[in-house]
Each structure stands twice: as structure tokens, then as C-alpha cells.
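Have a look at the structure below before the remarks.
Both counts, for ligands and for their atoms, begin at 1 and track the order of listing. Treat the numbers as computed from the prediction; the structure is a model and nothing was measured.
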Amino acid sequence: MNNTFDVIVIGGGPGGYIAAIRAAQLGFNVACIDEWKNAKGGPAPGGTCTNVGCIPSKALLQSSEHFEHAQHHFADHGIGLKDLSIDVPKMLARKDQVVRQNNDGILYLFKKNKVSFFHGRGSFVRAVEGGWEVAVAGASQEVLTGRQVVVATGSSARALPGVPFDEERILSNDGALRIGGVPRRLALIGSGVIGLEMGSVWRRLGAEVTVLEALPTFLGAVDEQIAKEAHKAFTRQGLKIELGVKVGEIVPGGEGVSVDYTDAKGQARQLEVDRLIVSIGRVPNTTGLNAEAVGLMLDERGGIVVDAECRTNLPGVWAVGDVVRGPMLAHKAEEEGVAVAERIAGQHGHVNFDTIPWVIYTSPEIAWVGKTEQQLKAEGRAYRAGSFPFMANGRARALGDTTGMVKMLADATTDEVLGVHIVGPYASELIAEAVMAMEFKASSEDIARICHAHPSLSEATKEAALAVDRRTLNF
Ligand code: FAD
Ligand code: NAI
């Protein structure tokens, strides 16, 4: 096989595999190297997102939500059930199948786009004339040469100092997605995105769940009003969230784990749980790349330093996704991958960081784009806010899920939409309209004048836009 390529992509997660496909579409001869292994040792491209992130977590969120609906909400619809049970191994097997379908889908896309896939670890060897040598260490050992290299090696779970993951009792996102049975008591450290999503899965299935968070505020990056509403909903569901704690000693022992901590009032406390999930953020993957040997510049977190266009300090070397600055989100990684491929082709790829949506897939879901009310206040920007509760939305009432609201923030003078914040049913889908509106620099008046289908949850977005001008029709 010819081992010389126009573009070599190291990492086959959403940043890497999408960069590879886009580069191939643009006519380049592309290689993608990824080391992830499935249970049989075979290739499993898709990275964290496909294997132990976005996809499996959403599969379990779906299964556990069905269970919760059957247990608590079917009766409202007149549906009776006897002997409801949860078969955790079957639920996990379904999740694994969903993951496999995604792995296979990526391998198919590589074939379709004529991307050469290499299963193994990629590392820089040396600069050569007009490019780079990259070694692949896997089932076979090879050295590839590429004119351009895109590093998309992603991130891994951050452990607490001195508390390594054993994936039996002290779990990262990986172990959290394959607990073999419902733990009676579960603790999570960190009430961020993983803490809330994984805490929700196991609470719905019957675990007693406590979330310990160091910060005194709940979901500090989320609009305060939305975070407050979400906190109320999670607490009502039985998720115990302790804010402002200082985690102390963690000792695995017997069948479980004991967690010492000081609560917000300064009281020493201890939790005895069957499983502990540590979800306190993630660290970029750069070990094994041989970055130092070729002089690839890293920051203090170990991430790759890039400019606004994802160029590293080395000529012809780019980096995208979780391994560089910015939000650790699959769609952000993908957008960067596309933009880099287009820049390599001499085009003007662009990522608009101001319109990257965030979604937390709890129930209620939380989704937002743009500025929060607290950010606008801090900037001293004059704005108008409008919100509309799902309680007053016909489709939400029919669904039986009226928690939450849509909130819109618009510039006080120009009426340009500056932020949209949603807590409630299908917020993950509703946010797309807000992203589109902001990309096109819509005003709240524009959204208010667009015909939305009735009855639909999206009418709450239209009503929130009307609320900016104090003229809601249904509230
Ligand atoms: P990764 O997906 O981490 O992929 C990097 C790949 O490179 C991996 O396959 C890795 O094995 C490989 N690799 C690393 N080093 C080498 C090397 N030297 N040689 C060869 N291969 C290498 N984001 C969302 O947007 N939505 C969600 O719902 C969501 N849910 C999540 C749930 C969980 C539990 C977690 C942990 C994360 C979630 N994320 C979510 C975040 C998302 O998974 C990441 O932002 C995304 O995967 C980053 O993509 P990436 O391509 O940069 O890196
Ligand atoms: P996170 O950054 O979302 O949350 C970590 C939380 O842990 C923070 O609230 C932080 O204050 C807290 N924390 C940190 N150190 C602590 C300590 N010692 N004791 C107690 N609390 C502590 O990180 P998380 O949940 O690990 O997720 C990592 C990333 O993965 C997310 O930031 C997100 O980018 C991505 N992700 C995205 C999802 C989505 O888009 N739906 C789902 C899951 C993950």
C-alpha cells in the first residue's frame, strides 16, 4: 500500500472522522488513524462520543426514561402495568448494539469516501520535506507520510488526585455506562453535564443518588433562571444535590466506597455508597503523540495550543476538538474538523463560537445558545427578556410534560436575539430554531412573526419571542 497521503488525521472521534471525510470530499488522499478497540480488539472508530460518551449515554437515558414513564406516568394515560421490571444486562446490550451500529457506520463512511483507515496509535516521527512522518503502532507497524496532519485525539476523564478509577467501584464515564445492576446507593462527584445525565439514568432505575458539587452555584454556566427551574425539578425527582462541598478522603472497601466531605456549612460528613462516579471534567489526550520530540506546543492543561483557525505552532499541523481550547462538545469538534479540511483546500472554513448550542439530556432537558442574562448584565448590555412556560403550551399539556420554559434575550435597541434558554421537553430539538435564528441575526420580532405549527412545543419559542415585546397571546 502507498503510505503517502495529502492529509493524515490522528484520532477517529467526531473531530477526526469528520475532518477525514470532508478532506476526502475535497479531493484529498486521506488517512485516519484511530486506536479505540471494541470488546473483541477490533476497530471502534467514533471516539469518546460514540464509544463512551454522547451515544451510549443517550441510549441509557432513553431506556431509563421509558422505565420511569412506565412506572410513574403511564397510569395517567389509563395504561395499567403489572410486574414492571428492568433487565439491566439487556438494557446495556441494547446500548452496546447502538454503539456498534455507529462504529460500523463510520467504517462504511470511510470506505464510501475512500479514506484509508489505520487501527492503532499514531505518533509523530519527524518532519520531512513538505510534510510529516507519522508512525502507526497497532496490529501492524507502519510509517505514513502526510503533507498535512490533523490531530484530533480527544480527551479522557479527569480523576481526583490520588483516587484512580478502578471502573468497578470508582467509575469514570466509561464504567458509569456499564454498571451491571442498579446500585442501591450511588454518589457522583461533580454536578456538571455527566453528573446530571448519569445521575438521572441510575436514579430513574431506582438508585438513591447523591451529587456532590464543589461550587456553591448549581450549573453556573447556565442562565440563572433556567438553572433554578432545573434544580427544582431534579430535587423533586429525588436527586440529592449538595453544593459547596469539599471532598475529602475516598476509600474503597468491601463492596462499596466511603466518601468523606465537608458540607457547605462546614460540617464533616460521610457517605457510604455502592458506586462512585467521578465527573469533574476532562483532560486532553496528548500523551503518546510524541509531541515534545517534534516541538508541538502544549498548554498548561496538556492541550494543544492553536490559533483561531486551529493551526498549531508547526507548519502543516492542525488540531481540533476536545484536545484544543473551547467547549468539549462533539458538534464543536465536527465543525472544527470541517473548517480545517476546507482551510487545507484553500477555502474559508468558519466556526461561529457564539452560536454553538449546549444541551443537557436530563428530564427536563436543558438547552441554550448565546448569552445568559447574567452575562449580559456583566457586559452592561441593554436587553429585553421574554419567557413562556410550557404549562401554557397545548402540546406540552397533551404530552403530560409541562415543566419549564423558553426564555429569549434580545438587544434592547436592535432587537437582535442574543440568547435563547430552554428547560423542558425536547429542549434539545427546540434549540435548533434558536441557533438558526441567531446565525441569521434574527430579531425577536422575526421569530414572533413566523408561523409555527399548532399544537407544537415550538410555539413556546414563538411565544417567548412575543413575550420580549410583552404581547404573548396564550399566557
Ligand atoms: P474523541 O471523541 O475523544 O476522539 C478521539 C479519538 O482519538 C479516540 O478514539 C481516541 O482513542 C483516539 N486517539 C487518541 N490518541 C490517539 C493516538 N495517539 N493515535 C490514534 N488514536 C488516538 N458531547 C456532545 O456534544 N453531546 C453529548 O451528548 C455528549 N455527551 C457526552 C457524554 C459523556 C459521558 C462524555 C464523556 C462526553 C460527552 N460529550 C458530548 C462530549 C463528546 O464526547 C466530546 O466532545 C467529543 O467526543 C470530542 O470529539 P474529539 O473527536 O475531539 O475526541
Ligand atoms: P463538567 O465540566 O460539565 O462538570 C464538572 C463539575 O465538577 C463542575 O460543576 C465542577 O465545579 C465540579 N468539580 C470539579 N472538581 C470538583 C471536586 N474536586 N469536587 C466536587 N466537584 C468538582 O464536566 P463533566 O460532567 O465531567 O463532563 C465533561 C465534559 O464532557 C463536559 O464539560 C461537556 O463538555 C462534555 N459532555 C457533554 C455532554 C452534553 O453535551 N450533553 C454530556 C456529557 C459530557
Side-chain angles (χ1 to χ4, degrees), residues 9-19 32-37 43-58 60-61 106 118-124 134-138 150-158 160-161 163 172-174 176-177 188-199 211-221 242-248 259 261 277-291 319-324 326-334 336-337 356-362 365-367 428:
V9 181
I10 308 178
Y17 89 79
I18 289 291
C32 182
I33 309 167
D34 187 82
E35 65 178 346
W36 207 292
K37 289 187 183 128
T48 302
C49 172
T50 300
N51 293 293
V52 291
C54 323
I55 301 299
S57 62
K58 267 79 255 178
L60 295 188
L61 278 156
I106 295 167
F118 293 86
H119 189 212
R121 168 163 289 200
S123 59
F124 285 97
V134 176
V136 184
V150 183
V151 183
T153 45
S155 66
S156 308
R158 184 155 78 86
L160 282 163
V163 188
S172 70
N173 56 295
D174 185 1
L177 289 161
L188 294 104
I189 301 185
S191 74
V193 199
I194 296 180
L196 293 173
E197 289 187 357
M198 296 317 299
V211 187
L212 301 176
E213 166 61 46
L215 293 178
T217 27
F218 178 64
L219 287 178
E242 287 216 41
L243 301 173
V245 309
K246 191 168 181 335
V247 173
V259 182
Y261 66 99
I277 298 172
V278 178
S279 46
I280 57 167
R282 300 178 61 80
V283 289
N285 290 331
T286 45
T287 46
L289 261 181
N290 208 19
V320 301
D322 280 12
V323 77
V324 304
M328 289 185 165
L329 294 174
H331 41 284
K332 176 262 193 186
E334 291 183 13
E336 285 183 334
I356 294 177
W358 275 84
V359 178
I360 308 179
Y361 293 82
T362 43
E365 291 185 346
I366 304 167
S428 54

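Residue contact annotation: Lys58 has a non-hydrogen atom under 4.0 Å from ligand 1. At least one heavy atom of Val52 sits under 4.0 Å from some atom of ligand 1. Between Ser156 and ligand 1 there is no heavy-atom distance shorter than 4.0 Å. Judged by the shortest distance from any of its heavy atoms, Arg282 lies inside the 4.0 Å radius around the atoms of ligand 1. Close to ligand 2: Gly281, with a non-hydrogen atom less than 4.0 angstrom away.
Atoms of ligand 2 lying under 4.0 Å from at least one heavy atom of Gly190, given by number and element, are 6 (C), 7 (O), 12 (C), 21 (N). Interface of Leu215 with ligand 2, defined as ligand atoms under 4.0 Å from a residue heavy atom, comprises 11 (O). Listed by number with element, the atoms of ligand 2 under 4.0 Å from a non-hydrogen atom of Leu329 are 40 (O).
With a 4.0 Å cut-off on non-hydrogen atoms, Ile194 touches ligand 1 through its side chain and not its backbone. Contacts of Ser57 with ligand 1, taken as heavy-atom pairs under 4.0 Å, involve the side chain alone. Residue contacts with ligand 1 for Ala157 are absent, since no atom lies close enough (heavy atoms, distance under 4.0 Å). If you look at Val193 next to ligand 2, the close heavy atoms, those under 4.0 Å, come from the backbone and the side chain alike. Under 4.0 angstrom from ligand 1, the non-hydrogen atoms of Asn173 all belong to its side chain. Here Asn173 has no heavy atoms under 4.0 Å from ligand 2, in either its backbone or its side chain. Contacts with ligand 1 closer than 4.0 Å are made by heavy atoms of both the backbone and the side chain of Ala330.
Protein heavy atom in closest approach to atom 52 (O) of ligand 1: Asp322 N, 2.9 Å. Counting only heavy atoms of the protein, atom 53 (O) of ligand 1 lies nearest to Gly154 CA, 3.1 Å.
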